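Comments concern the structure below.
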Amino acid sequence: MEELGLRERKKRRMYQDVSDTAVRLFLERGFDAVSVAEVAAAAGISEPTLFRYFPAKEDLVLHRIADHETEAARVVAGAAEPLEALRRNFLDGLERCDSVTGLNDHPAVLAFHRLLYGTPALAARMYGYLERSEAALAEALGGGLDARLAAGRIIAVQRILALENWRRIAAGEGVEEVRPDAVRAAERTFERLAAGLYVVLTRAVSRLDVVHARPLPF
């Protein structure tokens with residue numbers, strides 16, 4: 001078990017080191033101007049080894065946000081009030097200036113977001129990330145059409161809220177200037193979600209025998 005733990009730590013370190021090297025090169029010269037072979041050379045590994053870890057060039061960048069892919073699913077797991085749990089999680093993220101909420105003005109975070117949203121290939125690759133996020137959330141909500149409909153709307157709302165925050169920060173506004181509006185927008189949007197998804201989420205969560213026949217108290 002100890003050996004397996006060490007192997008897993010080494011594997012994760014390899015992912016992180018290669019991704020960090022790639023992002024540094026992409027920020028310096030641009031995503032399209034740097035080849036996979038150059039990334040591999042800079043990371044001290046062969047190109048075939050790099051592709052064993054990262055099937056596509058875009059994955060070198062998206063690795064930075066991979067942990068967030070199943071975040072929504074983890075948040076609602078076992079929650080009697082899934083939408084309320086997601087609302088609190090998003091508001092907590094705003095309070096912490098979590099970069100996934102878009103409310104972060106650290107130069108490194110801003111540079112990464114410019115790379116991510118300003119590169120067509122990366123923006124396109126993000127759709128796969130969002131689809132997997134939706135699928136994981138739908139599964140956590142019990143599966144089925146109702147759960148998939150709810151998950152699609154929730155993931156879209158969180159993405160748009162984060163993009164609006166990032167847009168304002170990237171335009172030069174400060175975090176403390178944007179935060180009050182970001183909190184109000186999140187509160188208002190989740191309130192509307194609760195009204196619109198009441199029946200859908202009630203059905204979806206009932207599949208998990210979390211609330212049985214009683215309505216969800218949003």
Side-chain angles (χ1 to χ4, degrees), residues 15-40 42-43 47 50-75 86 89-90 93-94 96-139 148-173 175 178-179 181-182 185-186 189-190 193:
Y15 271 108
Q16 192 62 52
D17 289 347
V18 176
S19 176
D20 287 347
T21 298
V23 169
R24 175 176 56 80
L25 292 174
F26 296 152
L27 290 175
E28 289 174 356
R29 296 163 48 193
F31 182 80
D32 295 326
V34 179
S35 69
V36 171
E38 289 176 295
V39 173
E47 193 170 345
L50 184 148
F51 277 120
R52 283 204 298 272
Y53 286 91
F54 300 94
K57 182 181 178 182
E58 292 79 9
D59 294 333
L60 289 160
V61 177
L62 292 178
H63 175 75
R64 285 280 186 92
I65 60 173
D67 287 347
H68 291 290
E69 191 172 285
T70 57
E71 180 176 348
R74 295 194 301 269
V75 168
L86 288 166
N89 184 67
F90 194 87
L94 292 175
R96 300 191 311 271
C97 291
D98 190 330
S99 60
V100 77
T101 67
L103 192 68
N104 189 305
D105 59 2
H106 190 284
V109 173
L110 287 175
F112 177 79
H113 281 161
R114 289 191 189 99
L115 173 68
L116 183 62
Y117 296 124
T119 305
L122 292 173
R125 190 74 170 180
M126 276 286 291
Y127 281 105
Y129 166 91
L130 294 170
E131 286 177 351
R132 291 188 294 274
S133 295
E134 288 179 14
L137 178 56
E139 183 66 23
R148 294 198 302 273
L149 289 169
R153 291 180 66 178
I154 291 165
I155 295 299
V157 158
Q158 294 189 145
R159 177 183 65 84
I160 293 169
L161 287 171
L163 278 173
E164 174 63 12
N165 295 336
W166 172 77
R167 181 191 65 78
R168 292 181 61 181
I169 295 291
E173 294 185 64
V175 164
V178 176
R179 191 196 306 276
D181 289 340
T189 303
F190 274 96
L193 268 180

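Here the structure is a predicted model, which means the values were calculated and not measured.
Every residue was checked against the side chain to side chain donor-acceptor pair (under 3.5 Å) condition with S133, not counting sequence neighbours, and none meets it. The side-chain contact (heavy atoms from CB on, under 4.5 Å) search around E131 returns none, not counting sequence neighbours. Under the rule for a ring-ring contact (aromatic ring centres under 6.0 Å, His included), F90 has no partner lying at least two apart in sequence or in another chain. Annotation: salt bridge (charged side-chain N to carboxylate O under 4.0 Å, His left out) contacts of R29 (sequence neighbours excluded): E38. In this view, A37 and S35, E47 satisfy the side-chain contact (heavy atoms from CB on, under 4.5 Å) rule, not counting sequence neighbours. Every residue two or more places apart in sequence or in another chain that forms a side-chain contact (heavy atoms from CB on, under 4.5 Å) with T21 is listed here: R24, L25, A42, A43. Annotation: salt bridge (charged side-chain N to carboxylate O under 4.0 Å, His left out) contacts of R167 (sequence neighbours excluded): E164. The side-chain contact (heavy atoms from CB on, under 4.5 Å) search around D17 returns R13, not counting sequence neighbours. For the side chain to side chain donor-acceptor pair (under 3.5 Å) test, residues two or more places apart in sequence or in another chain that qualify with D98 are R96.
Here the side chains of I169 and V109 are not in contact, with every heavy-atom distance at 4.5 Å or above. In this structure the side chain of V18 never reaches within 4.5 angstrom of the side chain of Y53, judged on heavy atoms. Put simply, the side chain of C97 reaches to within 4.5 Å of the side chain of R179, judged on heavy atoms. No side-chain heavy atom of V36 sits less than 4.5 Å from a side-chain heavy atom of F54. No side-chain heavy atom of L137 sits less than 4.5 Å from a side-chain heavy atom of E134. For the pair L62/L116, a side-chain contact is recorded, criterion being any heavy-atom separation below 4.5 Å from C-beta on. F26 has its side chain within reach of V39: a pair of non-hydrogen atoms, C-beta onward, lies under 4.5 Å apart. Looking at D181 and R168, their side chains come closer than 4.5 Å, going by heavy atoms from C-beta outward.
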* **Worked check of side-chain contact (heavy atoms from CB on, under 4.5 Å) between T189 and L161** => CA-CA 9 Å; T189 303; L161 287 171; 3.9 Å; yes
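Between A138 and A151, the closest heavy-atom pair is N-CB, 3.7 Å. Closest of all the heavy-atom pairs between S99 and N104 is CA-CB, 4.1 Å. In this structure, P120 and G118 approach most closely via the heavy-atom pair CD-O, 3.6 Å. For N165 against T101, the heavy-atom pair with the smallest separation is ND2-O, 2.9 Å.
Without hydrogens or angle criteria, K57 side chain to F31 main chain gives a donor-acceptor distance under 3.5 Å.
Of the inter-residue distances, the one linking E58 atom CD with M126 atom CE reads 12.5 Å to the nearest 0.5 angstrom. Rounding to the nearest 0.5 Å gives a distance of 10.0 Å between OG1 of T70 and NE2 of H68.
Residue pairs meeting the side chain to side chain donor-acceptor pair (under 3.5 Å) criterion with at least one member in residues 108-130, sequence neighbours excluded, are D59-R125. Annotation: salt bridge (charged side-chain N to carboxylate O under 4.0 Å, His left out) contacts involving residues 63-72, sequence neighbours excluded, comprise D20-R64, E69-R132.
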